[in-house]
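By convention in this document, chain letters (A, B, ...) are assigned in the order of the sequence lines, proteins followed by strands, and residues within each chain are numbered from 1.
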Amino acid sequence: MARIKKVLVANRGEIAIRVMRTCRELGLPTVAVFSEADRSALHTRFADEAYCVGPAPSRESYLVIDNIIDAARRSGADAIHPGYGFLSENPTFVRACEKAGLTFIGPPASAMDAMGDKVRARTNMMKAGVPVVPGTTAPFANVEEARTYAKSIGYPVMLKASGGGGGKGMRRVDREEDLDSAWRTARSEAMSAFNNDTVYMEKFLDQPHHIEIQVFADMHGNCIHLNERECSAQRRNQKVVEEAPSPIISVEMRKAMGEVAVKAAKAVGYVGAGTIEFLVDAKRNFYFLEMNTRLQVEHPVTEWTTGIDLVAWQIHVAQGGVLPFVRPVQPRGHAIEVRVYAEDPATNFMPSPGKIDSVRVPSGPYVRDDSGVYPGYTVPNVYDPMISKLSVWAPTRMEAILRMKRALSEYSLKGITTNLRYLEHIVSHPEFMKGDYDTGFLPREHQKLLGEKNEKLTKASLIAAAVYAHQRGEKQAASIAPAAAAGTVSTWRTGRPNSWKRS
Amino acid sequence: MARIKKVLVANRGEIAIRVMRTCRELGLPTVAVFSEADRSALHTRFADEAYCVGPAPSRESYLVIDNIIDAARRSGADAIHPGYGFLSENPTFVRACEKAGLTFIGPPASAMDAMGDKVRARTNMMKAGVPVVPGTTAPFANVEEARTYAKSIGYPVMLKASGGGGGKGMRRVDREEDLDSAWRTARSEAMSAFNNDTVYMEKFLDQPHHIEIQVFADMHGNCIHLNERECSAQRRNQKVVEEAPSPIISVEMRKAMGEVAVKAAKAVGYVGAGTIEFLVDAKRNFYFLEMNTRLQVEHPVTEWTTGIDLVAWQIHVAQGGVLPFVRPVQPRGHAIEVRVYAEDPATNFMPSPGKIDSVRVPSGPYVRDDSGVYPGYTVPNVYDPMISKLSVWAPTRMEAILRMKRALSEYSLKGITTNLRYLEHIVSHPEFMKGDYDTGFLPREHQKLLGEKNEKLTKASLIAAAVYAHQRGEKQAASIAPAAAAGTVSTWRTGRPNSWKRS
Amino acid sequence: MARPITYFAKDLGEAKPEARSLTVEALGGGRYVVTLDGERHEVDALPLPNGGLSLLDNGQSYAVEFQEKGDELSVQLRGQLSSFDLVDERKLRLRAATSAHVGEGVQEINSPMPGKVVKVFVKEGEAVKEGQPLVVVEAMKMENELKAHRAGTVTKVFAKEGVAVENGAKLVVVE
Amino acid sequence: MARPITYFAKDLGEAKPEARSLTVEALGGGRYVVTLDGERHEVDALPLPNGGLSLLDNGQSYAVEFQEKGDELSVQLRGQLSSFDLVDERKLRLRAATSAHVGEGVQEINSPMPGKVVKVFVKEGEAVKEGQPLVVVEAMKMENELKAHRAGTVTKVFAKEGVAVENGAKLVVVE
């Protein structure tokens, strides 16, 4: 296959930046696409070229295959990286790329067909001898069928969108009386996110761990796994904190899960980066949950512990390259990632779009921030509320936790509400520190994770608030009588006379 | 020795932040000291506590031992980390700490006595059988003595400050007629930087490599080396780019230099982090240059390639802890650091203090920024012009270079002149890419490193400049007639109507 | 020297917030004397370019960030976020004079964020139970079902399906 | 639609800069037609919060940063820094009218940065050789010796030892 010469990144926000960073290191010019709402987004000017692909709603821009292909044609790009979300798991898009003579940086359409629809994936995996969670393999005709099936396997159950992941179109149902509402919202979300309102049902495992295996395959029949990621810290079925290695996995279990993951990938003729998600119950049985046929948000923790640039490998493999090595590697040290969202944990994680007034991003030893925002940027209300992935590495898990706490304490995003403090409380929570936390952890400890007050800090806050109000008053007085009080204004705005003396 | 409970960081800027980051990870409260010019500096509010130690000039604040000890007493700190520069290599300060019952996080005063004065260090090393560069071992009484000695070893020679490093008080002299001026400025700089105007002289080796070995010793007689750093990219005798491992060193040479370095450290009863600097000539002979009895600016490249947090080790050892391991480790992958200075490479690296209007720091995979500035901060004109250390890691040297180029392309510091573009040109230069560059590299290639023009980019710049001038004109017109043109002002300031359409 | 000003602050994070009073006296040069709970704090407060403050109080160093929303002032320092209802004496008197009756039985359902109404379940005049879904608002790819806090009757429906709404927009009134 | 404006730009990085002309016509909504060397560029220019521009020119995306110093405009994009002497027609006419005679033999030694004068080597009336040190200015811990560009006579000494100076301050005049 021919060498890639120019890459169009069919995505936005932090993942578009992430992919373009690697392209830039590889000397590949990049092409951004942007919706009308994203003219001011960072990815639009981070790329070498940028083309508008339609109005703000993703259904009219980022999800319109013809518009993306057209931008590739206009720019002369010969390859497309889909990122995650949007068209990344859409086999129709892969086929359209092929037809247009573009290299799709991802798996073949046939592997997506086999794994993309979750109902079909379950059937395929059962055939291949991979253990799966009890549930339906055929879509429901209506809510009554769903009700009948739920009764047969017993509540609680999970409703899941057949067409995609990321927590969209997913609802836990504890009681029969909640089924109608959950059915409605799950289908409606699924339709708007994946243009497919098919939902299926699984037995809800009691407090399982969510652990996934990164796999990588080339076109020459090589397929390896790059160890696991622990992703049990979830809220509303959306991952919030991920780490590698998993604190509850032994070397033997890693080996067993890795082998099953490679078997699953090989069963569908997989090529590129993919992830096999498992649920692990209290007895450490593991069940195939689904395969994500793309890069994952949490890929940095695998990069930290293996030294690999997964996006560089994706491009290498898409060009027909052979995997750089084919033997499993043990993870080196420990990495943790947190997802920074524009949302308010105190009001049921309500999204909080708006203008970011200032940003201070943590750095220093072994800290990585993947964000796609800048001071003065307005986070639009039409896309996913994730604004950054923050990740750290350290030789041991405890050091990684302490480093993450330090990094979070440095992170400042002014102007919008974020979950930064909530993330600090998660990584400081004794259950997280101990390491054996399941998917029930965040909902169960929700109140505690909102944070407790310290009287000394409350007093300092009161003092700060009063001084702030006082200075605000001075400033207002000055702006009402600007001529008389010009000195005051200047004191406030540009610093003040150097009157600080040792005391 | 007792566990450290609170750390005063006797420094400012990025190194103060660097040390405080580790303290925070270790759960140690931090105390900042600040001069009157540094009330608004980042380190002042990064710490848990902060005390003013005097007026702007460092001789009246950061270098006043009594004021530092007094701040420790007032805050209840029981340990002092000196960073680098300022009091970090001052044995009088170490003794004052001891007297005040404070743990000095660094080597004992006796080791500083033996190594701190460079003339004495040379004598000690010759005694211990460590190879040294030909030069004086006794200070000169006056410029005439210096002139006579220079004649005897032949030009070019180096004048060096006996009391410290960092390029201060150091001058290369090529011809006899330049000696007077060099003697004057070297002594005057030495006095103002180290309060000691003694200078000595060494034969100037023709285009040597500057390679140094990181050593670490505990109080229990253990001493190891943590491999080398290549620091040959220097301008005005100041390091600009550093990397680990050195591209010209074999495993055998690493072993030989490491052994000599450990011998040198042991000869002076060294404890803590230290660096043995060597000059390496074209035939790969290496000569002891000096020992830096403190942490080095370029320590991140050693951290990247060993996984160690050197500041955490310093604190561990200062508490009486045993070195975590005592066998040499081979470096893992490759790391590069560049020093971002507020200076103008085009005007002989003239410092360029001033207000930073906006900052965008690179991040993403394996990129680390250690800076101490923020948007709106005014870089004062009284301290060192270094504002950040940017470092990257990759599995191979070539990947690390490409990653550094990418990271530098993302770095934006608006408002002051910096050497960012110069750094990009260094790491893109064929001689640097090849790897065998000596200390003559930067001066020799100076003109080329200032950058060449690309006509396509010049055209784009002209177009951008014209549009900018046009918008500025609109804005001025609007502010002259604000009522009539309010819409124009708002268009400029807060974005514009969403009129962008696909084209 | 300016005269001291007294402020009253209620910690909105408390279940039953009680007002605490503080006096602030400017000493000039960024220094203030703040009295709280009878304790005198001489502080140095440097405004930062991002609207925050660097506060030094007897050696303690606080990097403080603020967010304002009417009289509600959110303060963040060392990872703790507090929200205060903060007013000065003049404002307090003004408030006392205009304090209005708040209807206990009236629930106003407002949009908690900017987004789009994707579903309206109720009509004016309809009786609703506690917890009954009223409206679904979509923002940032998440659907949020807004429910009735208490049983009552829908008296007004402002929400229209497919229509974009601002943060705080009135959607439904239940009495 | 506003009338087009013509600008003249000299690239100050060139040894002998020649003026190039550009015309700019605003189309509204952040779009402009710029004509350079007979080529027509229809560009989209979005002002950024930090004073820069996001410029799209036929698909090419440039993140541009600017620095102004009188009529000198520095432009940075994709790692290339260019400095232009940029004026519009009106300004150009103004300049032509006031163009002054510049004394060839006069050297004005200015401080290249804010700092402190630590040494003055010359007195008024003294003859100096090319390359002879005149003044030492210290800034950020570095001492910078300023030398005579050409031989001549010191006609004026403004620099005083120990005195702080601003960027561009006159130190010595040699004729």
Hey, does [Y] have a side-chain heavy atom less than 4.5 Å from the side chain of [X]?
X: Gln132(D); Y: Lys147(D); result: no
X: Phe158(D); Y: Val172(D); result: no
X: Leu134(D); Y: Leu171(D); result: no

Pairs of donor and acceptor atoms, chain D with chain A, under 3.5 Å:
unit_1, atom_1, unit_2, atom_2, d
Asp44(D), O, Arg39(A), NH2, 3.4
Asp44(D), OD2, Arg39(A), NE, 2.3
Asp44(D), OD2, Arg39(A), NH2, 2.6
Ser54(D), O, Arg39(A), NH2, 2.8
Ser54(D), OG, Arg39(A), NH1, 2.8
Ser54(D), OG, Arg39(A), NH2, 3.4
Gly59(D), O, Ala50(A), N, 2.7
Ser61(D), N, Asp48(A), O, 2.7
Ser61(D), OG, Thr44(A), O, 2.8
Arg78(D), NH2, Asp48(A), O, 2.8

Counting neighbours of CD on Glu166(D) that are heavy atoms of other residues, nucleotides or ligands and sit closer than 6.0 Å, is the number greater than 12? no
Carefully, step by step, assess Thr6(D) and Thr23(D) under the rule side-chain hydrogen bond (donor to acceptor under 3.5 Å, both in side chains). CA-CA 4 Å; Thr6(D) 302; Thr23(D) 60; 5.5 Å; no
Taken in chain and number order and not counting sequence neighbours, the residues that satisfy salt bridge (charged side-chain N to carboxylate O under 4.0 Å, His left out) with Glu14(D) are none
